[in-house]
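The structure under discussion appears below in the form of C-alpha coordinates.
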Amino acid sequence: MDNLQLEINFSERRNRFRDALNAGEFVLLVENSSPGRDNDPAASADRLAALENAVLDIKGINASLAITDRCHTVDVWRAAEYASALSAENRDRHVIYLSGRDTTLNETRNLIDIAANAGNCNIVPASGSVIPGDSVRESRKRTFTESIEILQELASHPYGFFSGATVNPYQYTGWSLMGQYFKLVKKLNSGASFLVTQAGWDMLKLQSLRWYLTGRSLFYPMIARLILLTPEKVERILAGEYPGISISHDFQRILEKELHYSNTQFEAAQYRRLELQAAGCRLLGFSGIQLAGVEQPGKAKIAAERIVNALREFTDFDHWLEEYNSYLARTEMAPFSSSFYLYDRTLRRPYPENDRPIANELDDPMVSGAEKLGYNLRKFLFVHADRQKADHQRLFKKLFAGCRSCDVCRLPATSFVCTENCPKRLANGPCGGVKPNGNCEITNSECIHCKVVRLADWAGELPKLEDHILPPGIRRIL
Ligand code: SF4
Ligand code: SF4
(Lines give C-alpha, C1' and ligand atoms only; values in the text may rest on other atoms or scores of the structure.)
(Ligands and ions follow the chains in the order given, each with its own letter.)
Protein backbone atom coordinates (compact mmCIF):
# COMPACT_ATOMS: atom_id res chain seq x y z
CA MET A 1 0.00 0.00 0.00
CA ASP A 2 2.95 2.37 0.75
CA ASN A 3 4.10 2.30 -2.87
CA LEU A 4 0.64 2.82 -4.23
CA GLN A 5 1.16 6.45 -5.26
CA LEU A 6 4.21 5.49 -7.28
CA GLU A 7 2.24 2.93 -9.25
CA ILE A 8 -0.50 5.29 -10.33
CA ASN A 9 -0.45 6.22 -13.98
CA PHE A 10 -1.09 9.97 -14.20
CA SER A 11 -0.86 10.16 -17.98
CA GLU A 12 -3.83 11.37 -20.02
CA ARG A 13 -6.45 8.63 -20.00
CA ARG A 14 -9.83 8.06 -21.48
CA ASN A 15 -13.03 8.12 -19.46
CA ARG A 16 -15.89 6.68 -21.50
CA PHE A 17 -18.48 7.25 -18.76
CA ARG A 18 -17.69 10.97 -18.65
CA ASP A 19 -17.54 11.13 -22.44
CA ALA A 20 -20.98 9.53 -22.74
CA LEU A 21 -22.50 12.05 -20.31
CA ASN A 22 -20.80 14.94 -22.04
CA ALA A 23 -22.06 13.69 -25.41
CA GLY A 24 -25.64 13.65 -24.11
CA GLU A 25 -26.01 9.86 -24.32
CA PHE A 26 -28.60 8.37 -21.99
CA VAL A 27 -26.68 5.99 -19.71
CA LEU A 28 -27.76 2.97 -17.71
CA LEU A 29 -25.79 2.12 -14.59
CA VAL A 30 -26.59 -1.35 -13.29
CA GLU A 31 -26.07 -1.26 -9.55
CA ASN A 32 -24.15 -4.03 -7.84
CA SER A 33 -23.43 -4.15 -4.10
CA SER A 34 -20.04 -5.32 -2.97
CA PRO A 35 -20.21 -8.72 -1.23
CA GLY A 36 -19.38 -9.63 2.35
CA ARG A 37 -15.77 -10.38 3.18
CA ASP A 38 -16.81 -13.85 4.27
CA ASN A 39 -17.77 -14.69 0.65
CA ASP A 40 -15.23 -16.60 -1.41
CA PRO A 41 -13.31 -13.77 -3.18
CA ALA A 42 -12.71 -15.84 -6.33
CA ALA A 43 -16.40 -16.73 -6.64
CA SER A 44 -17.39 -13.07 -6.04
CA ALA A 45 -14.93 -11.91 -8.70
CA ASP A 46 -16.36 -14.48 -11.14
CA ARG A 47 -19.91 -13.26 -10.44
CA LEU A 48 -18.84 -9.66 -10.99
CA ALA A 49 -17.06 -10.58 -14.23
CA ALA A 50 -20.19 -12.36 -15.49
CA LEU A 51 -22.35 -9.34 -14.67
CA GLU A 52 -19.84 -6.97 -16.27
CA ASN A 53 -19.75 -9.03 -19.48
CA ALA A 54 -23.53 -9.13 -19.65
CA VAL A 55 -23.93 -5.40 -19.00
CA LEU A 56 -21.24 -4.29 -21.43
CA ASP A 57 -22.88 -6.49 -24.05
CA ILE A 58 -26.23 -4.66 -23.78
CA LYS A 59 -27.25 -3.07 -27.07
CA GLY A 60 -29.24 0.11 -27.60
CA ILE A 61 -28.07 1.99 -24.49
CA ASN A 62 -24.74 2.94 -22.96
CA ALA A 63 -24.68 0.47 -20.06
CA SER A 64 -22.08 -0.06 -17.36
CA LEU A 65 -21.89 -0.83 -13.64
CA ALA A 66 -22.21 1.16 -10.43
CA ILE A 67 -20.46 -0.72 -7.62
CA THR A 68 -21.73 0.44 -4.28
CA ASP A 69 -20.90 -0.03 -0.64
CA ARG A 70 -23.00 2.94 0.51
CA CYS A 71 -25.55 0.86 2.41
CA HIS A 72 -23.19 -1.78 3.72
CA THR A 73 -24.60 -3.33 6.85
CA VAL A 74 -22.09 -6.09 7.40
CA ASP A 75 -18.39 -6.45 6.85
CA VAL A 76 -18.35 -6.06 3.08
CA TRP A 77 -15.60 -5.45 0.58
CA ARG A 78 -15.29 -1.75 -0.02
CA ALA A 79 -16.43 -0.83 -3.52
CA ALA A 80 -12.96 0.50 -4.40
CA GLU A 81 -11.43 -2.86 -3.51
CA TYR A 82 -14.14 -4.98 -5.13
CA ALA A 83 -14.03 -2.92 -8.33
CA SER A 84 -10.43 -4.01 -8.84
CA ALA A 85 -11.96 -7.28 -10.07
CA LEU A 86 -13.48 -5.47 -13.07
CA SER A 87 -11.75 -5.92 -16.41
CA ALA A 88 -8.82 -3.50 -16.55
CA GLU A 89 -9.65 -2.20 -20.03
CA ASN A 90 -13.21 -1.21 -19.06
CA ARG A 91 -12.86 0.38 -15.63
CA ASP A 92 -13.27 3.88 -17.06
CA ARG A 93 -16.83 2.93 -18.04
CA HIS A 94 -17.97 2.09 -14.53
CA VAL A 95 -18.79 4.12 -11.41
CA ILE A 96 -17.86 3.22 -7.86
CA TYR A 97 -19.24 4.54 -4.59
CA LEU A 98 -17.21 5.49 -1.57
CA SER A 99 -19.09 5.50 1.71
CA GLY A 100 -17.77 7.57 4.62
CA ARG A 101 -19.32 5.39 7.29
CA ASP A 102 -16.84 3.69 9.60
CA THR A 103 -14.12 5.21 7.45
CA THR A 104 -11.64 7.77 8.69
CA LEU A 105 -10.25 10.41 6.34
CA ASN A 106 -6.95 8.50 6.08
CA GLU A 107 -8.80 5.29 5.23
CA THR A 108 -10.75 7.25 2.62
CA ARG A 109 -7.47 8.44 1.11
CA ASN A 110 -6.25 4.86 0.90
CA LEU A 111 -9.44 3.79 -0.87
CA ILE A 112 -9.08 6.69 -3.29
CA ASP A 113 -5.51 5.57 -4.03
CA ILE A 114 -6.71 1.99 -4.55
CA ALA A 115 -9.28 3.28 -7.06
CA ALA A 116 -6.68 5.40 -8.86
CA ASN A 117 -4.20 2.54 -8.95
CA ALA A 118 -6.80 0.25 -10.50
CA GLY A 119 -7.97 2.86 -13.03
CA ASN A 120 -11.43 3.39 -11.52
CA CYS A 121 -11.83 7.07 -12.29
CA ASN A 122 -15.56 7.67 -11.64
CA ILE A 123 -16.36 7.95 -7.94
CA VAL A 124 -19.49 8.96 -6.04
CA PRO A 125 -18.85 9.64 -2.36
CA ALA A 126 -21.63 9.32 0.21
CA SER A 127 -21.47 10.06 3.92
CA GLY A 128 -23.00 6.64 4.52
CA SER A 129 -26.16 5.14 5.95
CA VAL A 130 -26.80 4.18 9.52
CA ILE A 131 -26.86 0.53 10.43
CA PRO A 132 -30.50 -0.47 10.93
CA GLY A 133 -31.07 -1.10 14.60
CA ASP A 134 -28.19 1.10 15.78
CA SER A 135 -29.20 3.36 18.69
CA VAL A 136 -28.47 7.09 18.65
CA ARG A 137 -25.56 6.39 20.98
CA GLU A 138 -24.15 3.67 18.72
CA SER A 139 -24.52 5.90 15.66
CA ARG A 140 -22.67 8.72 17.43
CA LYS A 141 -19.75 6.41 18.15
CA ARG A 142 -19.28 5.67 14.46
CA THR A 143 -17.14 7.74 12.12
CA PHE A 144 -19.01 9.38 9.23
CA THR A 145 -16.59 11.14 6.92
CA GLU A 146 -18.74 13.68 5.13
CA SER A 147 -19.16 13.28 1.36
CA ILE A 148 -18.08 16.92 0.85
CA GLU A 149 -14.73 16.17 2.50
CA ILE A 150 -14.28 13.14 0.25
CA LEU A 151 -15.16 15.24 -2.80
CA GLN A 152 -12.49 17.73 -1.81
CA GLU A 153 -9.96 14.90 -1.50
CA LEU A 154 -10.94 13.61 -4.93
CA ALA A 155 -10.70 17.10 -6.45
CA SER A 156 -7.19 17.63 -5.10
CA HIS A 157 -5.95 14.17 -6.11
CA PRO A 158 -3.59 14.29 -9.10
CA TYR A 159 -5.29 11.29 -10.76
CA GLY A 160 -8.11 13.48 -12.12
CA PHE A 161 -11.22 11.74 -10.88
CA PHE A 162 -14.66 12.39 -12.34
CA SER A 163 -16.77 12.57 -9.19
CA GLY A 164 -20.47 12.62 -8.53
CA ALA A 165 -22.75 13.91 -5.79
CA THR A 166 -25.75 12.21 -4.21
CA VAL A 167 -28.98 14.06 -3.44
CA ASN A 168 -32.33 13.07 -1.95
CA PRO A 169 -34.98 15.10 -3.82
CA TYR A 170 -37.87 13.21 -2.17
CA GLN A 171 -38.39 15.75 0.61
CA TYR A 172 -41.79 17.18 1.47
CA THR A 173 -41.13 20.15 3.74
CA GLY A 174 -39.62 23.32 2.36
CA TRP A 175 -36.69 23.19 4.79
CA SER A 176 -35.78 19.55 4.27
CA LEU A 177 -35.96 20.04 0.49
CA MET A 178 -33.91 23.23 0.50
CA GLY A 179 -31.44 21.59 2.90
CA GLN A 180 -30.84 18.91 0.25
CA TYR A 181 -30.59 21.43 -2.57
CA PHE A 182 -28.17 23.69 -0.67
CA LYS A 183 -26.00 20.75 0.23
CA LEU A 184 -26.02 19.58 -3.38
CA VAL A 185 -24.78 22.99 -4.51
CA LYS A 186 -21.97 22.77 -1.94
CA LYS A 187 -21.06 19.36 -3.35
CA LEU A 188 -20.99 20.76 -6.87
CA ASN A 189 -18.78 23.58 -5.59
CA SER A 190 -16.53 20.94 -4.00
CA GLY A 191 -15.78 19.26 -7.31
CA ALA A 192 -18.74 17.01 -8.17
CA SER A 193 -19.35 16.90 -11.92
CA PHE A 194 -22.59 14.90 -12.04
CA LEU A 195 -25.25 13.88 -9.57
CA VAL A 196 -27.19 10.78 -8.64
CA THR A 197 -30.52 10.94 -6.82
CA GLN A 198 -31.79 8.79 -4.01
CA ALA A 199 -34.25 6.11 -5.17
CA GLY A 200 -37.92 7.05 -5.31
CA TRP A 201 -41.08 7.09 -7.39
CA ASP A 202 -42.35 10.68 -7.30
CA MET A 203 -41.54 12.03 -10.78
CA LEU A 204 -42.65 15.53 -9.75
CA LYS A 205 -39.72 15.66 -7.38
CA LEU A 206 -37.31 14.64 -10.12
CA GLN A 207 -38.64 17.37 -12.38
CA SER A 208 -38.47 19.92 -9.55
CA LEU A 209 -34.79 19.14 -9.09
CA ARG A 210 -34.19 19.50 -12.83
CA TRP A 211 -36.02 22.85 -12.90
CA TYR A 212 -34.22 24.10 -9.80
CA LEU A 213 -30.76 23.39 -11.21
CA THR A 214 -31.66 24.65 -14.68
CA GLY A 215 -33.10 27.81 -13.14
CA ARG A 216 -29.73 28.37 -11.50
CA SER A 217 -27.80 27.54 -14.70
CA LEU A 218 -26.32 24.48 -13.03
CA PHE A 219 -26.27 22.21 -16.04
CA TYR A 220 -24.82 19.07 -14.52
CA PRO A 221 -25.65 15.59 -15.81
CA MET A 222 -28.28 14.03 -13.56
CA ILE A 223 -28.81 10.33 -13.00
CA ALA A 224 -31.95 9.05 -11.27
CA ARG A 225 -31.62 5.97 -9.08
CA LEU A 226 -34.50 3.55 -9.68
CA ILE A 227 -35.27 0.19 -8.10
CA LEU A 228 -36.76 -2.85 -9.81
CA LEU A 229 -38.78 -4.23 -6.93
CA THR A 230 -39.05 -7.82 -5.82
CA PRO A 231 -41.63 -8.99 -3.24
CA GLU A 232 -38.81 -9.06 -0.64
CA LYS A 233 -37.82 -5.49 -1.42
CA VAL A 234 -41.45 -4.38 -1.23
CA GLU A 235 -41.72 -5.98 2.22
CA ARG A 236 -38.59 -4.13 3.33
CA ILE A 237 -39.83 -0.80 1.98
CA LEU A 238 -43.20 -1.29 3.67
CA ALA A 239 -41.32 -2.07 6.90
CA GLY A 240 -39.35 1.20 6.49
CA GLU A 241 -36.03 -0.62 6.30
CA TYR A 242 -34.52 1.36 3.42
CA PRO A 243 -32.79 4.52 4.70
CA GLY A 244 -34.07 7.61 2.86
CA ILE A 245 -36.92 5.78 1.08
CA SER A 246 -40.48 6.61 2.15
CA ILE A 247 -43.65 6.08 0.16
CA SER A 248 -47.13 7.56 0.20
CA HIS A 249 -50.19 5.73 1.54
CA ASP A 250 -51.57 5.51 -2.00
CA PHE A 251 -48.40 3.97 -3.36
CA GLN A 252 -48.18 1.69 -0.36
CA ARG A 253 -51.65 0.38 -1.19
CA ILE A 254 -50.58 -0.27 -4.79
CA LEU A 255 -47.53 -2.22 -3.64
CA GLU A 256 -49.55 -4.19 -1.09
CA LYS A 257 -52.00 -5.10 -3.84
CA GLU A 258 -49.19 -6.17 -6.15
CA LEU A 259 -47.84 -8.47 -3.44
CA HIS A 260 -50.98 -10.56 -3.91
CA TYR A 261 -50.45 -10.93 -7.66
CA SER A 262 -49.00 -14.07 -9.22
CA ASN A 263 -45.22 -13.94 -9.77
CA THR A 264 -45.70 -13.19 -13.46
CA GLN A 265 -48.19 -10.40 -12.85
CA PHE A 266 -46.02 -8.92 -10.10
CA GLU A 267 -42.99 -8.89 -12.38
CA ALA A 268 -44.98 -7.37 -15.26
CA ALA A 269 -46.20 -4.56 -12.98
CA GLN A 270 -42.65 -3.79 -11.85
CA TYR A 271 -41.27 -3.75 -15.38
CA ARG A 272 -44.04 -1.43 -16.62
CA ARG A 273 -43.36 0.98 -13.76
CA LEU A 274 -39.65 0.85 -14.51
CA GLU A 275 -40.25 1.50 -18.22
CA LEU A 276 -42.38 4.54 -17.50
CA GLN A 277 -39.94 5.92 -14.96
CA ALA A 278 -36.91 5.38 -17.21
CA ALA A 279 -38.55 6.99 -20.25
CA GLY A 280 -39.85 9.82 -18.05
CA CYS A 281 -36.40 10.50 -16.67
CA ARG A 282 -35.02 11.00 -20.15
CA LEU A 283 -37.89 13.28 -21.15
CA LEU A 284 -37.45 15.30 -17.95
CA GLY A 285 -33.84 16.00 -18.90
CA PHE A 286 -32.00 13.36 -16.93
CA SER A 287 -28.80 11.93 -18.39
CA GLY A 288 -29.40 8.39 -17.26
CA ILE A 289 -30.60 6.03 -14.59
CA GLN A 290 -28.90 3.88 -12.00
CA LEU A 291 -30.89 0.69 -11.61
CA ALA A 292 -30.86 -1.32 -8.39
CA GLY A 293 -32.39 -4.77 -8.01
CA VAL A 294 -30.96 -6.46 -11.11
CA GLU A 295 -27.79 -8.06 -9.84
CA GLN A 296 -28.00 -11.27 -11.92
CA PRO A 297 -26.73 -11.02 -15.52
CA GLY A 298 -29.93 -12.44 -17.03
CA LYS A 299 -32.16 -10.05 -15.10
CA ALA A 300 -29.94 -7.09 -15.94
CA LYS A 301 -30.23 -7.90 -19.65
CA ILE A 302 -34.02 -8.26 -19.51
CA ALA A 303 -34.39 -5.00 -17.59
CA ALA A 304 -32.10 -3.22 -20.05
CA GLU A 305 -34.13 -4.52 -23.01
CA ARG A 306 -37.33 -3.24 -21.40
CA ILE A 307 -35.72 0.14 -20.82
CA VAL A 308 -34.41 0.37 -24.39
CA ASN A 309 -37.89 -0.46 -25.71
CA ALA A 310 -39.46 2.15 -23.43
CA LEU A 311 -37.01 4.79 -24.65
CA ARG A 312 -38.06 3.93 -28.20
CA GLU A 313 -41.77 3.90 -27.28
CA PHE A 314 -41.75 7.29 -25.57
CA THR A 315 -39.95 9.97 -27.51
CA ASP A 316 -42.56 12.66 -26.94
CA PHE A 317 -43.28 14.24 -23.54
CA ASP A 318 -47.07 14.48 -23.99
CA HIS A 319 -47.34 10.87 -25.13
CA TRP A 320 -45.33 9.73 -22.11
CA LEU A 321 -47.34 11.95 -19.73
CA GLU A 322 -50.63 10.57 -20.98
CA GLU A 323 -49.46 7.01 -20.42
CA TYR A 324 -47.88 7.84 -17.05
CA ASN A 325 -51.06 9.54 -15.82
CA SER A 326 -53.29 6.72 -16.99
CA TYR A 327 -50.99 4.17 -15.37
CA LEU A 328 -50.82 5.93 -12.02
CA ALA A 329 -54.39 7.30 -12.23
CA ARG A 330 -54.79 9.65 -9.27
CA THR A 331 -52.11 8.10 -7.07
CA GLU A 332 -50.82 10.62 -4.56
CA MET A 333 -47.05 10.14 -4.36
CA ALA A 334 -46.33 12.46 -1.44
CA PRO A 335 -46.04 10.57 1.86
CA PHE A 336 -47.82 13.40 3.73
CA SER A 337 -51.16 15.07 3.25
CA SER A 338 -49.68 18.55 3.31
CA SER A 339 -46.56 18.37 1.19
CA PHE A 340 -44.28 20.97 -0.25
CA TYR A 341 -43.44 21.14 -3.94
CA LEU A 342 -41.09 23.89 -5.03
CA TYR A 343 -42.92 24.52 -8.29
CA ASP A 344 -46.54 24.43 -9.41
CA ARG A 345 -47.55 22.83 -12.67
CA THR A 346 -44.77 20.27 -12.66
CA LEU A 347 -45.34 17.23 -14.87
CA ARG A 348 -47.48 19.20 -17.27
CA ARG A 349 -44.67 20.31 -19.50
CA PRO A 350 -40.96 19.72 -19.91
CA TYR A 351 -38.72 22.63 -18.96
CA PRO A 352 -40.47 25.75 -20.27
CA GLU A 353 -37.94 27.75 -22.27
CA ASN A 354 -39.97 30.93 -22.46
CA ASP A 355 -41.97 30.53 -19.30
CA ARG A 356 -39.54 30.01 -16.46
CA PRO A 357 -41.16 28.45 -13.41
CA ILE A 358 -41.51 30.63 -10.33
CA ALA A 359 -40.55 28.87 -7.14
CA ASN A 360 -43.16 28.71 -4.40
CA GLU A 361 -42.50 30.48 -1.13
CA LEU A 362 -41.45 28.17 1.66
CA ASP A 363 -44.13 27.60 4.29
CA ASP A 364 -44.20 29.69 7.44
CA PRO A 365 -41.07 28.51 9.33
CA MET A 366 -43.17 28.28 12.51
CA VAL A 367 -40.40 29.52 14.80
CA SER A 368 -41.68 29.50 18.36
CA GLY A 369 -41.11 32.32 20.83
CA ALA A 370 -38.58 30.18 22.73
CA GLU A 371 -36.70 29.46 19.48
CA LYS A 372 -36.58 33.17 18.60
CA LEU A 373 -35.29 34.01 22.07
CA GLY A 374 -32.69 31.23 21.89
CA TYR A 375 -31.56 32.29 18.42
CA ASN A 376 -31.19 35.93 19.42
CA LEU A 377 -29.35 35.05 22.61
CA ARG A 378 -26.94 32.72 20.79
CA LYS A 379 -26.41 35.30 18.07
CA PHE A 380 -25.59 37.94 20.71
CA LEU A 381 -23.17 35.64 22.55
CA PHE A 382 -21.55 33.70 19.70
CA VAL A 383 -21.67 35.96 16.65
CA HIS A 384 -17.85 35.76 16.34
CA ALA A 385 -17.46 32.17 17.56
CA ASP A 386 -16.01 31.03 14.21
CA ARG A 387 -13.14 33.48 14.68
CA GLN A 388 -12.44 32.52 18.28
CA LYS A 389 -10.91 29.45 19.84
CA ALA A 390 -13.50 26.69 20.01
CA ASP A 391 -13.27 26.48 23.81
CA HIS A 392 -14.02 30.21 24.20
CA GLN A 393 -17.24 30.58 26.23
CA ARG A 394 -17.50 26.80 26.34
CA LEU A 395 -19.77 26.83 29.40
CA PHE A 396 -22.23 29.27 27.76
CA LYS A 397 -22.11 27.24 24.55
CA LYS A 398 -22.96 24.12 26.50
CA LEU A 399 -25.81 25.91 28.26
CA PHE A 400 -27.34 27.68 25.29
CA ALA A 401 -26.26 25.68 22.20
CA GLY A 402 -25.79 22.11 23.48
CA CYS A 403 -22.06 22.37 22.66
CA ARG A 404 -20.33 18.99 22.35
CA SER A 405 -16.83 20.40 22.75
CA CYS A 406 -15.52 20.13 19.21
CA ASP A 407 -12.38 21.76 17.82
CA VAL A 408 -13.90 24.16 15.28
CA CYS A 409 -16.89 26.28 16.23
CA ARG A 410 -19.17 26.89 13.26
CA LEU A 411 -22.21 28.33 15.03
CA PRO A 412 -22.40 31.60 13.02
CA ALA A 413 -22.64 29.60 9.75
CA THR A 414 -25.36 27.24 11.00
CA SER A 415 -28.11 29.55 12.31
CA PHE A 416 -26.41 29.24 15.74
CA VAL A 417 -27.46 25.58 15.91
CA CYS A 418 -24.68 23.22 16.98
CA THR A 419 -24.45 20.66 14.18
CA GLU A 420 -22.30 18.39 16.34
CA ASN A 421 -25.66 17.24 17.69
CA CYS A 422 -26.34 15.52 14.36
CA PRO A 423 -25.81 11.83 15.18
CA LYS A 424 -23.49 11.55 12.16
CA ARG A 425 -21.82 14.87 13.11
CA LEU A 426 -22.28 16.16 9.55
CA ALA A 427 -21.48 19.85 9.17
CA ASN A 428 -22.71 20.84 5.73
CA GLY A 429 -26.31 19.80 5.50
CA PRO A 430 -28.72 16.91 5.87
CA CYS A 431 -27.80 13.37 4.94
CA GLY A 432 -29.77 11.39 2.37
CA GLY A 433 -31.49 9.39 5.07
CA VAL A 434 -33.50 12.33 6.44
CA LYS A 435 -37.18 11.47 6.54
CA PRO A 436 -39.50 13.18 4.02
CA ASN A 437 -41.01 15.33 6.77
CA GLY A 438 -37.57 16.60 7.80
CA ASN A 439 -37.16 14.35 10.81
CA CYS A 440 -33.86 12.66 11.61
CA GLU A 441 -33.57 9.07 10.40
CA ILE A 442 -32.00 8.14 13.74
CA THR A 443 -33.61 10.25 16.46
CA ASN A 444 -36.96 10.83 14.70
CA SER A 445 -36.99 14.41 15.99
CA GLU A 446 -36.34 17.34 13.67
CA CYS A 447 -33.13 16.87 11.67
CA ILE A 448 -30.55 19.36 12.97
CA HIS A 449 -29.86 20.58 9.46
CA CYS A 450 -33.54 21.12 8.67
CA LYS A 451 -33.68 23.24 11.80
CA VAL A 452 -30.69 25.23 10.52
CA VAL A 453 -32.57 25.93 7.26
CA ARG A 454 -35.84 26.73 9.05
CA LEU A 455 -34.17 29.26 11.36
CA ALA A 456 -32.17 30.75 8.47
CA ASP A 457 -35.44 31.22 6.56
CA TRP A 458 -37.00 33.01 9.53
CA ALA A 459 -33.87 35.16 9.99
CA GLY A 460 -33.78 36.03 6.25
CA GLU A 461 -30.38 34.35 5.82
CA LEU A 462 -31.19 31.40 3.56
CA PRO A 463 -28.77 32.30 0.73
CA LYS A 464 -25.85 32.31 3.19
CA LEU A 465 -26.24 28.59 3.82
CA GLU A 466 -24.51 27.74 0.56
CA ASP A 467 -21.65 30.14 1.07
CA HIS A 468 -19.26 28.16 3.21
CA ILE A 469 -18.01 24.62 3.03
CA LEU A 470 -17.67 23.86 6.72
CA PRO A 471 -14.89 21.70 8.14
CA PRO A 472 -15.68 18.76 10.43
CA GLY A 473 -15.77 19.64 14.10
CA ILE A 474 -13.97 16.77 15.69
CA ARG A 475 -10.98 15.15 14.15
CA ARG A 476 -10.29 12.61 16.89
CA ILE A 477 -8.91 10.07 14.42
CA LEU A 478 -7.46 11.21 11.12
S1 SF4 B 1 -19.75 23.81 16.77
FE2 SF4 B 1 -20.93 23.05 18.51
S3 SF4 B 1 -19.56 21.58 19.54
FE4 SF4 B 1 -18.29 22.83 18.21
S5 SF4 B 1 -17.54 24.48 19.56
FE6 SF4 B 1 -19.38 25.26 18.48
S7 SF4 B 1 -21.07 24.83 19.87
FE8 SF4 B 1 -19.33 23.57 20.57
S1 SF4 C 1 -29.65 15.01 12.10
FE2 SF4 C 1 -30.16 15.05 9.90
S3 SF4 C 1 -28.19 14.84 8.87
FE4 SF4 C 1 -27.89 14.18 10.98
S5 SF4 C 1 -28.22 11.95 10.91
FE6 SF4 C 1 -30.17 12.92 11.43
S7 SF4 C 1 -31.21 13.13 9.43
FE8 SF4 C 1 -29.05 12.79 9.00
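The analysis underlying the following values was restricted to heavy atoms, covering all of them including side chains, and did not include hydrogens, waters or symmetry mates. Counting starts at 1 for both ligands and their atoms, following the listed order.
For ligand 2 and Ile448, the ligand atoms under 4.0 Å from any heavy atom of the residue are 1 (S). Close approach to Pro430 involves these atoms of ligand 2, each under 4.0 Å from a residue heavy atom: 3 (S). Close approach to Arg410 involves these atoms of ligand 1, each under 4.0 Å from a residue heavy atom: 1 (S). Here is the list of ligand 1 atoms found below 4.0 Å of a heavy atom in Arg404: 3 (S), 8 (Fe). Here is the list of ligand 2 atoms found below 4.0 Å of a heavy atom in Glu441: 7 (S). If you number the atoms of ligand 1 from 1 as listed, the ones under 4.0 Å from a heavy atom of Arg394 come out as 5 (S), 8 (Fe).
At least one N, O or S atom of Cys418, from either the backbone or the side chain, sits less than 2.8 Å from atom 2 (Fe) of ligand 1.
Here Ser405 has backbone heavy atoms under 4.0 Å from ligand 1, and that is the only part of it that gets that close. At a heavy-atom cutoff of 4.0 Å, ligand 1 is contacted by both the backbone and the side chain of Cys403. Counting heavy atoms under 4.0 Å from ligand 1, residue Glu420 touches it through the side chain alone.
Using modelled atom types, one finds a donor on one side chain and an acceptor on the other under 3.5 Å when comparing Ser405 with Lys398. Remark: the Lys205 side chain and the Thr346 side chain contain no N/O donor-acceptor pair separated by less than 3.5 Å.
Side chain of Arg210 to main chain of Leu284: no donor-acceptor pair is present (N/O by atom type, distance under 3.5 Å, no hydrogens or angles).
Geometric assessment of Arg425 against the ring of Phe144 yields a negative cation-pi assignment under the 6.0 Å and 45° thresholds.
Looking at Arg273 and Glu258, a side-chain N of the basic residue comes within less than 4.0 Å of a carboxylate O on the acidic one, giving a salt bridge. A salt bridge links Glu420 to Arg410: one of the charged nitrogens lies within less than 4.0 Å of a carboxylate oxygen. Between Glu107 and Arg78, no side-chain nitrogen of the basic residue sits less than 4.0 Å from a carboxylate oxygen of the acidic one, so the salt-bridge criterion is not met.
Nearest protein neighbour of atom 2 (Fe) of ligand 2, counting heavy atoms only, is Cys447 SG, 2.4 Å. When only non-hydrogen protein atoms are considered, atom 3 (S) of ligand 2 lies nearest to Cys431 N, 3.2 Å. With hydrogens left out, the protein atom closest to atom 6 (Fe) of ligand 2 is Cys440 SG, 2.4 Å, a heavy atom.
When each of His449, Lys186, Glu466 is tested with Asn428 by the rule side chain to side chain donor-acceptor pair (under 3.5 Å), just one qualifies, namely Lys186.
Note on ligand 2: Pro423 sits in its first shell, one or more heavy atoms being nearer than 4.0 Å. The closest approach between a heavy atom of Lys398 and any atom of ligand 1 is not below 4.0 Å.
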Evaluate Lys299 against Thr230 for side-chain contact (heavy atoms from CB on, under 4.5 Å), listing each step before the verdict. CA-CA 12 Å; Lys299 201 167 178 183; Thr230 58; 3.5 Å; yes

